[in-house]
Each structure stands twice: as structure tokens, then as C-alpha cells.
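A short worksheet on the structure shown next.
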Amino acid sequence: MPELAKTYEPASVEERWYAAWLEQGCFTARPERVSDQRPAYSIVIPPPNVTGVLTLGHVLNNTIQDILARRARMLGKEVLWLPGTDHAGIATQTVVERTLKKQGVIRHRDDLGREKFLEKVWEWKDKHGGIIIQQLKKLGASCDWSRERFTMDPEYSRCVSQVFVELYKKGLIYRGKRMVNWCPVSLTALSDEEVTMKPQNSTMFHFREEVAELPGTWLTIATTRPEVIPGDTAVAVNPKDERYAHLIGKHVIRPLPVNLPADQKLIPIIGDEHVDFEFGTGVLKVTPAHDMADFEIAQRHNLPVIDVMNPDGTMNALAGESLVGLDRFEARNVAVDRLRELGVLDKEEPYQNNVGYSERADVPIEPRLSEQWFLKYPSVAESKACVAEGRMKFFPDRWAKVYDHWMENIRDWCISRQLWWGHRVPVWYRGDETYCGIDAPEGDGWTQDTDVLDTWFSSWLWPFATMGWPEKTDTLAKFYPTTDLVTGPDIIFFWVARMIMAGHEFMGELPFRNVYFTGIIRDKQGRKMSKSLGNSPDPLDLIAKFGADALRFGVMRSAPLGTDVTYDEKNVELGRNFCTKLWNAARFRQMQGGEHEAEIIPRMLTADDKWILLQLDRAVQEVTRALEQYRFSDATATLYRFFWSEFCDWYLEASKAALTSDDDARRSTTLAVLDFVLSHTLRLFHPFMPFITEELWHGLGYCDDMPADQGGRTIMNAPWPKPLTNDERHYMDIDPSHEEFAQQRYEVVNAGRGLRRDFNIASSKRVRFVLRCGAGYLTEHDHAVLELLLAADPLDLADAEWQAPKGTPVALTPLGELLLPLEGLIDASAERDRLTKEIAKVEQELGKVRAKLADTNFAGKVPPQVLAEHRQREETWAQKLEQFQRMLEALG
RNA sequence: GCGCGCUUAGCUCAGCGGUAGAGCGCUUGCUUCACACGCAAGAAGUCACAGGUUCGAACCCUGUAGCGCGCACCA
């Protein structure tokens, strides 16, 4: 085996192993291998935007999925991690359109026309579509690339059409002219979920309108949107409002638009319960074409609907000469000027309100009446029930409540978009005829609906459409429903809820059993990562600098279940340091030589060996449990503690005593324990850090223990470590008392190091220690370990009678008093001060315990076990106190 | 307005009924033959606040404040 380099060089290792895994088909799922003994495990990737680039959010999300997939393989499952990309309608179309404009190819997409423009989008997709996939590979994602899907693949598109047709035939999809959220920039309708409310500093304008039938009587109206006054078709008051009730049925004179004949300016005063008399002036202007609530009022009262705006947010001719052609915000200013000129503007006051914004274009949406396609959600009851009844689990489970609330108040989904990039609505028209089908109808003269479908209308089919539905493929039969879904809580409604409904509706079953919601990655100031803030580091840079494993480990370590992740490059650095530590521990093992298959000889096991085997066992159990509960940061914390503190700091240092001994059996047993622990550790680490563990798995030769026919002896297929069985414990003669003994010796070491510190002796300087435990109490090996770890030269064992020179520093340990004889440096007063301080501490602790025990309330009511613990504690402190006092007396 | 979450060491977070923990940062030693991306030792906390339950509360209950998120929304 070639000697390992001094530091780990991730780049070449990562590239080499990823290529090897691909070549050996390690990621390919084989449905034919699924059986009772080899259960299926599946997960579908949340498809990233096809033209997107990798962000830290993707790193978090996909590392989690990779950990789950890799661990499932090690548990002997047949794993399918199905990857792919999303066409991301608006996002992609916007990017391509903007780029073409920048390049001067077009001024507007209409310059090219639908077909030509789509050609450009496909060109763009072919050019940039592979980027994020390549980046996921850099991260080490073990996706089954042979099954990669794209939401605009021909087969996938057929699924989308088929689903549309089926829902149409069931009467769940319908077309209607309704109020929708309109984005004046993207020029398309949006779903309710694509609108986010933002607080705005607006102005509330109060203006007067005169009652036509009662000249001199004015109604004052409060509004934030004076520019849509030309669209007002009524003024509403609450019929119970005594101030205004008598005016119902009369009319007011609308001040805008100007230049209309007087009779056309009259609009009715109506009574409607919707009007809140507390708010504003208690008089509401009703603008049915530009406000959702007003539209409903208009329907109740059969009011005309006057749309005064163009699709792009500019005012149309109906807004009148003074406003026509102006952008809605300019128009607002002009409208205010007009009101002022007319002398009817009473008041302007600053006002904070919430305005719906288009999530994508980041501009206020415009409520707009238009002809759109809507879906009445299917399988709502089942979808609600499966989460409520716990058949599908959410992690953390508080999201179940959010889901439930949304499902309870679910409203029809506007699924049509006035875009070009996407799945075309599979509906054709000819005269009065309408045809809905997967393929175009026979005969001439049919024209297809020009709208495309909301991107999520394809994404919601992802779990089964990617597996070949509607064909009954092997993949679908074996891997659906999927096991886990890993995604962000921000798309719980956009995607998760809808997939659950589609799963029930088309597969008759839930699409996944567990949903893990990641946190959102934030910067150190707690802000979301975003391109515009420039606070989002490029994961590829981090991989280049620290290695993919370091990035993965660092991110997982800082991402506890249920909380947002504060990103700090320090964490990645920590991951890099950890990789180096692992690498160097492996190097240490390699430098000892010897074959790795050296067998453990139970009778040769030292207390240290048994101790580390028990710590390993504990780590195996903890990591396993943490992963079962999706507590990834807990798993990394355990791995870190076990490997760094327990294995490297204690065991590996202690093992040096055995490794330099003349006893061959001891030597080879120690090597065997090192190998046992390392090979288990590598496997525990593998899901988190796939590259370095594979490299060391081969570098240390552990791969040789695997059957040659199993996919190239990769650690990917090595068995996940199991806790020790009772038989194994018995065979190796391991029991908790050995752990305690080892621990006690380590306490001696700590005490010795403490003495060094107190007396300013460098940790590396070899000095004489005396342990008053009686000769022959320790085995030769245990003694050698203590000597090594204390850097003692020598460590003498003495009887209780042994007297040190007065003022010799001494520390209490579970194995006896540890003395540090200082030749010529004895300072009795310094030691007296030190002991006095120790005594004060002990007395304080003893006092606390005694006070509790003296409390009859405590002693009478506490469970016996707790009482016993306190008694034990009291005894220990009392003993210590006595010993310290004796030491102080000895000082004279 | 309704709901959810958070508040523990300078920073990021564990702990969720029985003596306050980790990593980073900080301090002090150390070129100890795997590793200075390291080793060793150390300082550092009225566990947001106020009540309550309990023998005992960071942990359970009630309320308050601050921060964050979701839903709804009155022009």
C-alpha cells in the first residue's frame, strides 16, 4: 500500500473516487434486486432549476439526502436516489429573455415569436442545463444519474398532459373569468402562493364626492389608490351605519375621469355589510376590476366592472385623458393632483399597509379580472388525514400544523400562465368547440390554448412521473412510495402539499413516508443568503479550498433539526481540520506497519483497549439513533467527540505504550484494536464524508475484507456498524468496570497535568511523579501508559507510608495521591495556598450536599436512588476534604 | 389580528426535572518521533424577565418583553 501523503489533498481524491463509483454503477438502482431481505429505499431530489447554480441551500439539502442514501446502502437496502431538474417556467423564461435583450438580439420576446423564442430557451437549457448537475457531482451526491429526469422531457410532458386531461374530465379543472394575481412585469397570472405581502409606507388620501341628489352633501372616502377612481362603479357604506344609511340608493358624482358628461359620472351608493364603519371614514369606494374584495361586492350588487388598466400596469383609455398611458404609480400622483385641483382632496396622511408582491419580479401585483384555468384540488381529505394520523411524518413535526392549516383553508389553484416556456395547456378550440386531450384533435381548424401551466403543475407529479408513470414500470412498482423527502419549509405549499394530493389522486397512495424540512441558511447577521446581498459564498469555491467532505461535514454540523443555519466559514474550516485529523490518525496506523487482519486476542486486551471499544460501541449507538431521528448535527457532534477526544486524544496516545513494547502479542492486538476502531469509524463517517473515507478504506486495506464481487469493494457497500452483541462482549471480556478503571487512570493523568500547570512545568518536560497507590497495584502495561501520558520519567509507585518532602505538590486521584516532587523548588507556602483553595472548594460542595440531606423535606420525599446518590456524593466530598486537610497538616 | 418558533459562556448552538455543556474565539505553556489544519492546561454563565407547581426548575405551567417565521387582512 503506498504511503499516505502528509496532508489530505481532496481535489484529486474526490475526482478519482467519483469517477470510480460511476464506472462501477454504484449509484444505479436495480429494482430486480429488491426483496424481503433487500428492502427498497428511495428518495427523489427536489429538482433544482435547470439553469440554476449550486447554492449553500442545495449543499445542505443534498448532503442530507446523500447521507440518507449512503447509509441506506450500508444497511443493505436497494437505493434509488432519483435526480433531475425543473424547467422553472417564469424564472428561466425571464433569465433567457433578459439575456437576449442584453445581447441585443431582441427588444421584446414578441420580436422572435413563440417558436423562435422557445428554440432560444432550449439552446440556453442545453448550454447551462448541466451546470448544477455537475456541481452536485462535485459534492459527492450519489444520485442514480441513469434515471435523471427533466420536467420538460417528452415522457414527463405527456404525464402532465394526461393529468390535466383526467382532472378536466373529472370536472376539477375548469376555465373561468375571475380575479387573479397579475404580475405586470412578467405579464402573467400567478397563484396565491406566489404572492408575498410586504409592508409599505403609503399615503392614505381622503377625498370628497358630492351626493348628486342632495347638492351640498358630501361623502368623504379614504383610499390608498386614487388612480383607480375611474374604475369605481359604486360607493359602499354599511347599512347599519346611521351616518350614511339614508344615502343608500342615491348617487355620488365621481370626480375622475375628467371630461366625461355629467350623467356618466354618477355612481350608486350601495349598502354592504363588508364595510367596516370603524375604518377610514366608513365609506368605501368600490373598484371591482382592481380589488378582490370589491369584485365580490360587485358580484353581490350586479355592478359593472370597469378595467382601467393595461396588462403591463399602465392606465388605459377608460382611465380618462389625464391618466391614459401612465404607469400606475405615476397615475397615482396625477390623480391626486386632479383631486387637489378640484378642491376635493381633504387630507393626505402617511399610512402603513401591506401590499402583495410578485415573488419573482418583486413588484406589486395587480388584482386583475381575466380568463384563467383553475384546479379544484383533488384528494384533499386523504392528504390531510395521512399527516394528521401520522402515516406520513414531518420532521420537525410542527410543520404538520402549518400544513394542516393550509389544507383546511385551501382555495382553487390558478394553474395557467401567460408564458411560453412550460407545458402548453392541452386544450384546443374550434369555433364553439373545446377539446381536451393529450394529443391534438383530428381535423382542421383547431387552435391550441396559448397558455402554459404553472411550473408546480408539473413538479407536483415528480415522485411518480419520474418513475415512468403511467406505465407500470419496475421502478415504480419497487420504489414508490418513496421513503424520505428532504426539502425546505418555504415550499411546503408550493410543492409538498401538492405532491401529497397528486400522489393520492393518481397513485392511490402517499408519495413519501417522511418529510424532512431543512432550515434556511443565513449569514452571520441572520440575513437570508441572496445574490443581491452578495452574502452567499459559492460552494464550489469552498470545495476547492477545503474539500467536499469538509464542506459537507461543516454544514451538517451547524444544521440542527428545526432551526435555521447560520453559515460561518469557520465551520467548513473545522470540517477541513477534521478531515486532516482523520487522515493523520490513519497515517499513524499505517506507520506502525503490520497487516490489518491481525486478530484481536481477548486475553491481551488492555483496559485502554476495552475502554475504546466501549466508547466506539456507544458512538455507534448514538450515531445510529441520531440518524434514525434525522438529527444530523447530533450525529456529527458524536462523531467528532468520539474520534477526536476519545480515540485520538486518549486511546491513540495510550496505544503508543503498547506499540513500543517488546511483546509481539500485545503489539499485534493493539494494531487489531486500532484497525477495528478505524474500520468502524470510517464506516460511521462515510455517509457524511464519502471521499476521504473511501480513500482511507482502500489506503488502510480494509477493503480487502470485502467480497471481491461486490461492486469493487467500495466502502459504500460495507455494512453499517452494529453495536456489540453480548457474545462479543463476553468473548472480549468487556464490561463497564474496565471502562471505569481506564477512566480512573485518565483522571490520574489529568491530575498530573494540572500539577504541571500549577507549578509551571512544560507539558513536554519529563519529570518524576509518585503515585501513592501501593506497588504492584498496576500492571506493567497500565504503568507504562500512565508514564507515557504523564510524560513521567519515572512514575514511581509508593506505599501509603511513603513520605514526600514537605511542600511537595500533591493531587487526589481515584487511584491514590499523585505527587510531583520538585527538586530544589519546594515552596511550602505556595502549596499551602493551593491546598487552602482546594479545601474551600470542597467545603462548599460538601456544604451544599449536606444542606440538602439535612432538609427533612428532601430526605422524606425524594426517590431512594436520588437519596443514595446524594449520600455517595457526601461521602466522596468528605473523604476529599479529610485528605486535603491531612495534606495541609503535613505541610506543617 | 390569529398561530408557531426562538431567547443558555464574547459568537454559533447542545442540554428539556436531580452537581451548567460543546465547537469557535480568548489566555498560558509547548517545534512531545500521526497531526501547529496540532498538543496540554485555563478563564469565562442571576440558563430573557415575573409569578406558580415541586423536596428540587435552564428544563413543567401562567404571564410579560424582545427577535424571527407562517397565515389572514380594512379601502
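Remember, predicted model here, so these are calculated numbers, not experimental data. Chain naming here is simple, since letters A, B, ... match the order of the sequence lines and numbering starts at 1 in each.
The side chain of A:R589 places no N or O atom within less than 4.0 Å of a non-bridging phosphate oxygen (OP1 or OP2) of B:C35. When the side-chain nitrogen and oxygen atoms of A:W583 are compared with OP1 and OP2 of B:G38, none of them lie within a distance under 4.0 Å. In this structure, A:T566 does not reach the B:C11 phosphate: none of its side-chain N or O atoms is under 4.0 Å from OP1 or OP2.
One N or O donor and one acceptor, one from the side chain of A:E653 and one from the base of B:A34, sit under 3.5 Å apart. Judged by distance alone, with hydrogens and angles left aside, A:K401 brings no side-chain donor or acceptor close enough to the base of B:C4 to form a pair under 3.5 Å.
Pair assignment for B:G1 gives B:C71, based on Watson-Crick or G-U wobble hydrogen-bonding distances that are each under 3.5 Å. When both pairing distances are held under 3.5 Å, B:G17 makes no Watson-Crick or G-U pair with any nucleotide shown. Judged by Watson-Crick or G-U wobble contacts below 3.5 Å, the nucleotide B:U54 has no partner. Using N1 to N3 plus N6-O4 or O6-N4 for Watson-Crick, or N1-O2 and O6-N3 for G-U wobble, each under 3.5 Å, B:C59 pairs with nothing. In this structure, B:A22 and B:U12 make a Watson-Crick or G-U wobble pair, each of the two defining distances being under 3.5 angstrom. Nucleotide B:C39 forms a pair with B:G29, judged by Watson-Crick or G-U wobble geometry with both contacts under 3.5 Å. Under the Watson-Crick or G-U wobble criterion, with both distances below 3.5 Å, B:A65 is paired with B:U7. Within the shown strands, nothing qualifies as a pairing partner of B:A44 under the Watson-Crick or G-U definition with both distances less than 3.5 Å.
In this structure, the ring of A:F493 has its center less than 6.0 angstrom from the ring center of A:W406. Between A:Y516 and A:F632, the ring centre distance stays below 6.0 Å.
The residue A:L652 sits close to a base: some heavy atom pair falls under 4.0 Å. Within the 4.0 angstrom heavy-atom criterion, no nucleotide atom of any strand lies near A:C579.
The closest side-chain heavy-atom distance from A:I306 to A:P230 is not below 4.5 Å.
The only option from A:F691, A:Y8, A:F578 that meets the ring-ring contact (aromatic ring centres under 6.0 Å, His included) definition with A:W583 turns out to be A:Y8.
The side chain of A:R522 has B:G68 as its nearest neighbour among B:G68, B:C4, B:C37. Among B:C24, B:C4, B:C35, the nucleotide with an atom closest to any side-chain atom of A:L574 is B:C24.
Figure legend: A:R243 and A:F277 shown without cation-pi pairing, the cationic atom not lying both under 6.0 angstrom from the six-membered ring centre and within 45 degrees of its axis.
Place A:N750 and A:N577 on RNA chain B by their nearest nucleotides, and A:N577 ends up nearer the 5' end.
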Would you tabulate the pairs of protein nitrogen or oxygen atoms and nucleotide nitrogen or oxygen atoms of nucleotides 16-20 of chain B closer than 3.5 angstrom?
residue : atom : partner : partner atom : Å
B:U19   : O2   : A:E845  : OE1          : 3.3

Enumerate the protein-to-nucleotides 27-33 of chain B contacts in which both atoms are nitrogen or oxygen and the separation is below 3.5 Å.
residue : atom : partner : partner atom : Å
B:U28   : O2   : A:R757  : NH1          : 2.9
B:G29   : N2   : A:S763  : OG           : 3.4
B:C30   : O2'  : A:S764  : OG           : 3.2

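Atom P of B:G17 sits at a distance of 26 Å from the matching atom of B:U12, rounded to the whole Å. Spacing of C1' atoms, B:A58 relative to B:C6, comes out at 14 Å, to the nearest Å.
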Contact pattern, 5' to 3', of nucleotides 70-75 of chain B - B, S or - by protein heavy atom under 4.0 Å: -SBBBB
